[in-house]
Each structure stands twice: as structure tokens, then as C-alpha cells.
Amino acid sequence: MKLSDTKATLSFSNGKPSMDLPVYSGSVGPDVIDIRKLYGQTGLFTYDPGFMSTAACQSSITYIDGDKGELLYRGYPIEQLAVNCDFMDICYLILNGDLPDGEQKKDFDNQVTRHTMVNEQMHFFLRGFRRDAHPMAVLTGLVGGLSAFYHDSTDITNPMHRHISAIRLIAKMPTLVAMAYKYSIGQPYVYPQNNLSYTGNFLRMMFANPCEEYVVNPVVEKALDRIFILHADHEQNASTSTVRLCGSSGTNPFAAIAAGVACLWGPAHGGANEACLNMLEEIQANGGMAKVGEFMEQVKDKNSGVRLMGFGHRVYKNYDPRAKLMQQTCKEVLASLGLESDPLFKLAMELERIALEDPYFVERKLYPNVDFYSGIVQRAIGIPTALFTAIFSLARTVGWIAQWNEMLSDPEYKIGRPRQIYSGESSRQYKKK
Ligand code: ACO
């Protein structure tokens, strides 16, 4: 970031001396006012719940222009990456800053492929869970548990340790997600197979069984790979900020990523894809298309507590570019699987059509987000609803680990420690009650 010639001046109406604050510019996007010395010089904090106006770090990984509906990974528009790259290209790009050439890609693929197995003890760890446990509960435990197995790569001051942890996490997440699924349905775990692509291998670990050969469907493989690409990173969202805050204490990467998984689970964040599909299924069960209007009235009624899941975003105030790409994938997958007349897809299109014309949504700039269509795609390829957020975690792992690594490499890195405005009792004396 670059120091700008402009300065911000903070003045007070009570006669306190005013204070000049430096302003910094990034490469694109809004400038920031540097308030680091504010408390030292004025004894005041700033108040910004939900980080509505606060940049908590500098980052060169992902850029979003919410008004334009633009998403860039390392400067490349998501629309170009989604059609020209596979998920391994994206992982390399996000971790290293640029796309790989042929040799770099081969080497990276090889590194990830050689780390997909997990320690056999993980099987016993899984057995401690109920079979009907939510996959996100299981995944939070399993990812945190990895730190008990990989002591050789938890020196966070060593860049090589950080690199090998990144590779391990990216490589092992599909194995863990598939194991959590197989455990939930009582089937044997399927070991990774090195001659398959990252995504093809995940599909096989999910859907193969020892009784018959599993052949990866290339349309399904491409669709899931696109889901992974679209979810790979999204700058300082809640789970990424959680990973950074958790990691800022110096904890190991597996513990920090487990915190990200836990945060992602919430329905306002990654849990929205599961909540969105449940919503569509509920509308369908209660009368389908005929009830869409009634449902939309409920959504607009603040007292109903009902939200249109998969709609709205803290940053995008124009169409989420990932939703456009997801809608296109959705059409392709349904057509190739002969499910063009899927009633949930029709329902989703109708909800979107109504919302885009309704003043409630238009005035609040509420558009479909990536989760609006990703659930329909996942359901069409046989992934159970409860696993959607676990798949999101798998894809977001590269973003989390790259952001964690970037934080640790930043000379300005400090333990994260927000301030508060205290509104409880002031000091009082103990009296026995
Ligand atoms: N349905 C109905 N009304 C909505 C919705 C929605 N999905 N989203 C926002 N609104 C309304 C709010 O009620 C509020 O109205 P008001 O100004 O009259 O009070 C206004 O739009 C602004 O909404 P906020 O909740 O204040 O916006 P915020 O930026 O805090 O929230 C969020 C963003 C959490 C994503 C919200 O839009 C939401 O809950 N969406 C549904 C859940 C969802 O799809 N989450 C996935 C996000 S993408 C991701 O994590 C991958």
C-alpha cells in the first residue's frame, strides 16, 4: 500500500486538538484512513461492529468490487479463470500469486496428489462420532485433529513448514470430507487414487464402493471443479477473518483452519447453500410454484423471520459474478443428466425472477449469491444436502491457508485484539447475597 498525499483530519466539537491521520491507497478499491495511533494520541477507540468500514489487514490475494459485481483472484477476473483453468491452477495461483506454467503445474499436482492419504488413526477418531452427526461437526473435529498428526510441519516461522502444511490441507480435505460422508452412510472408506484429477478423485472417494468400479463422469467432474474454483477465496469474509484472527495467536495451521470450518458452518455464511436447498424443498413440498408468491410475502415481512436464502451479500450490491457462473453450470449439469425439468431449479429461477423485479429486493440491492444455485448442482450430482458446507470448506481451504500465510509473512502482523465500548456495571464492591 502507498501513502497518499491526502490526509484525513479528525476534529472534535469539545475543543480537543484535531488530529491528522495518514491515508493509504491500495492498487484498486477505496483508500483507508490509518487509525493505528488514534488511541495513543486521543485516548479514543473507533466503533465498527461487523467491520462495515474497517480494513483489518492488507492483502494481495482477492479483490471484490461489490458495486460492479467484480471478483478477481490475484488480478484475474473469475469469469476468465472459471472457463480456462482447473482447481489446481487456481490453488497454485492463490498460493503463489500467478498461474503455473506446464512444469510448475505438473510439480504442484504431484505434490498435492502425494499427500491425499490421511493417517490411519483418523479412522479411529471418526468412529467416536455418532453416524448421524452433522458433517460440519465431524469436519471441524477432523481438521483440528490433523495437528495431532503432523508435528513435523507446525513451526509457523518456517516458510517450508507453512508450505507443506498448505499442501497437506489442500490434499487431505477431500479425503476427510469423503470419509465423513462414507461414515455417515456406513460404507467403507475409499482410498485416494493417484491417477485421477483432484476433483475426479474426490468423486470416486465419495461414490465408489469396493463392489464395483466407479467411472468419473466428466460433466460432473467439471461442474464440481467449477464449484471448487468459485469458492476458493473471497477476501476478508467471516471464516477467513476467523482463520486470520485465530492464526494471529501463533497457533498451528490445522487449528486455525478448523476455526474457519466452524465459522463457515453458520447459515449467514457457508451454511446458506444447505439452508437454500432446504428452503426450496420446503416450498416444493408446500405447493411448489403456486406458493412462490406467498413465500415471497413472508420473506418481505420482517416479523416472519424468514429470509430468502442464497440472496443478499455484505459486499456484492450488484449480481454476484459467481452466481452467474453457477447458474450456467446448473443448466449444463441438469441438461447432461437429463434433469432439465428439475422442479427445484424451476422454483429457483422463478424466485429469482420475482425478486429481481420486486422493489423490496431492488431497493436493498439484494441479488442471488453463489449459494443460490450451487445446492441444485450438488444435489443433481448426488451430494447430500448436509454435505454442501463441507464441500465449501474443502474449496475454501486454499483461500484460508493462503490468507493465513500472507498474514504471517506481513511485517506489520500483530495478534488480533479488537477493542470494545464497555456498557456494563462500573466498578462496585462485593456484597454477599
Ligand atoms: N432475504 C430477505 N431480506 C434480506 C435478505 C434476504 N436474504 N438479506 C438481506 N435482507 C434485508 C435485511 O432484512 C435488511 O433489510 P432492512 O434494511 O429493511 O433492515 C437489508 O436487506 C440489509 O440486510 P443485512 O442483513 O443488514 O445485510 P448484511 O450485509 O449484514 O447481510 C447477509 C448479508 C448475511 C448475506 C444477508 O443478505 C443474508 O442473511 N442472506 C441470506 C443468507 C445467505 O444467503 N448467505 C450467504 C452469503 S454468501 C456466502 O457466505 C458464500
Side-chain angles (χ1 to χ4, degrees), residues 86-88 91 109-127 129-139 141-143 145-146 149 167-229 231 261 273-274 277 329 332-334 336-339 374-395 397-398:
D86 68 13
F87 184 59
M88 284 296 95
C91 287
D109 270 353
N110 195 39
Q111 282 184 50
V112 173
T113 306
R114 303 277 152 188
H115 282 93
T116 47
M117 277 203 298
V118 293
N119 192 297
E120 282 294 289
Q121 288 296 113
M122 277 303 214
H123 295 191
F124 301 109
F125 188 12
L126 248 167
R127 268 200 222 159
F129 288 98
R130 288 168 55 132
R131 296 258 176 196
D132 63 356
H134 193 284
M136 287 301 278
V138 175
L139 200 61
L142 293 184
V143 175
L146 288 177
F149 294 100
I167 298 289
R168 280 179 169 150
L169 274 156
I170 293 166
K172 293 182 199 309
M173 277 301 258
T175 315
L176 295 179
V177 173
M179 281 169 71
Y181 172 57
K182 288 296 197 192
Y183 182 75
S184 75
I185 55 169
Q187 282 191 7
Y189 308 124
V190 175
Y191 285 91
Q193 193 159 1
N194 287 358
N195 61 352
L196 294 175
S197 72
Y198 182 86
T199 306
N201 182 43
F202 174 63
L203 282 165
R204 186 176 168 277
M205 288 191 290
M206 285 282 296
F207 299 121
N209 65 60
C211 314
E212 59 191 31
E213 205 31 64
Y214 176 81
V215 181
V216 177
N217 175 339
V219 176
V220 169
E221 184 181 13
K222 190 170 156 237
L224 193 58
D225 202 70
R226 178 168 285 187
I227 290 182
F228 292 167
I229 291 173
H231 288 86
V261 174
N273 50 19
E274 181 180 346
L277 202 85
T329 299
E332 282 166 19
V333 168
L334 294 177
S336 100
L337 299 177
L339 300 169
S374 74
I376 302 173
V377 178
Q378 293 188 61
R379 176 172 160 273
I381 63 186
I383 294 168
T385 317
L387 214 71
F388 290 178
T389 316
I391 293 198
F392 189 164
S393 310
L394 179 175
T397 295
V398 62

Using 0.5 Å steps for rounding, measure from the NZ atom of Lys172 to the CG atom of Asn119. 8.5 Å
Residue pair Ala223 / Val333: nearest heavy atoms and the distance that separates them: CB-CG2, 3.2 Å
Taking atom SG of Cys211 and atom CD of Gln187, what is their separation to the nearest 0.5 Å? 8.0 Å
Tell me whether Lys182 contacts the main-chain N or O of Met206 through its side chain, where contact means a donor paired with an acceptor under 3.5 Å. yes
Side-chain contact test, heavy atoms from C-beta onward, threshold under 4.5 Å: evaluate it for Met205 versus Tyr189 and give yes or no. no
Do Thr116 side-chain atoms and Val112 backbone N/O form a donor-acceptor pair below 3.5 Å? no
For Leu126 versus Ala180, what's the shortest heavy-atom pair and its separation? CD2-CA, 4.4 Å
Does Asn273 form a side chain to side chain donor-acceptor pair (under 3.5 Å) with Thr389? I'd like the steps, not just the answer. CA-CA 7 Å; Asn273 50 19; Thr389 316; 3.3 Å; yes
After noting the C-alpha distance and the side-chain angles of Val118 and Phe125, does the key distance pass the side-chain contact (heavy atoms from CB on, under 4.5 Å) rule? CA-CA 12 Å; Val118 293; Phe125 188 12; over 6 Å; no
Hydrogens and angles aside, do Arg226 and Thr329 bring a side-chain donor and acceptor to less than 3.5 Å of each other? yes
Considering only heavy atoms from C-beta outward, does the side chain of Pro210 approach that of Pro188 to under 4.5 Å? yes
Please name all residues satisfying ring pair (Phe, Tyr, Trp, His ring centres under 6.0 Å) with Tyr198, sequence neighbours left out, ordered by chain then number. Phe87
Return yes if some donor-acceptor pair links the side-chain N/O of Asn201 with the main-chain N/O of Leu196 below 3.5 Å, else return no. no
Considering only heavy atoms from C-beta outward, does the side chain of Phe228 approach that of Ile391 to under 4.5 Å? yes
Which distance, rounded to the nearest 0.5 Å, do you find between the CG of Leu277 and the CZ of Phe388? 4.5 Å
Shortest non-hydrogen contact between Ser393 and Thr397, atoms and distance: O-OG1, 2.7 Å
Is the closest side-chain heavy-atom distance between Met173 and Leu139 below 4.5 Å? yes
Can you name the side chain to side chain contact (heavy atoms under 4.5 Å, CB included) partners of Ser336, sequence neighbours left out? Val219
Decide yes or no on side-chain contact (heavy atoms from CB on, under 4.5 Å) for Asn110 and Arg114, but give the supporting numbers first. CA-CA 6 Å; Asn110 195 39; Arg114 303 277 152 188; 3.3 Å; yes
Check whether Tyr183 forms a cation-pi arrangement with Arg127 (NZ or CZ under 6.0 Å from the six-membered ring centre, at most 45° off the ring normal). no
Below 4.5 Å, heavy atoms only, C-beta onward: do Thr385 and Gln378 meet side chain to side chain? no
What heavy-atom pair brings Pro384 and Tyr181 nearest, and what distance separates the two atoms? CG-CE1, 3.4 Å
For the student: nearest non-hydrogen atoms of Leu339 and Ala380, plus distance: CD1-CB, 3.9 Å
Rounded at 0.5 Å granularity, tell me how far CG in Asp86 sits from CD in Glu221. 9.5 Å
Taking every heavy atom of Gly200 against every heavy atom of Ser197, the minimum-distance pair comes out as N-OG, 2.8 Å
For Arg204 and Tyr191, indicate whether the former's side chain and the latter's backbone hold a donor-acceptor pair under 3.5 Å. yes
Do Val220 and Leu337 make a side-chain contact, defined as non-hydrogen atoms from C-beta onward lying under 4.5 Å apart? yes
In Å, rounded to the nearest 0.5 Å, how long is the span from CE of Met88 to CD of Gln111? 11.0 Å
With side chains defined as the heavy atoms from C-beta onward, is the minimum distance between Leu203 and Tyr214 less than 4.5 Å? yes
Anything under 30° is parallel, anything over 60° is perpendicular, the rest tilted; go ahead and classify His231 against Phe392. perpendicular
Distance, nearest 0.5 Å, that separates CD1 of Ile227 from CD1 of Ile383: 6.5 Å
Side chains of Val377 and Leu224: closer than 4.5 Å at any heavy-atom pair? no
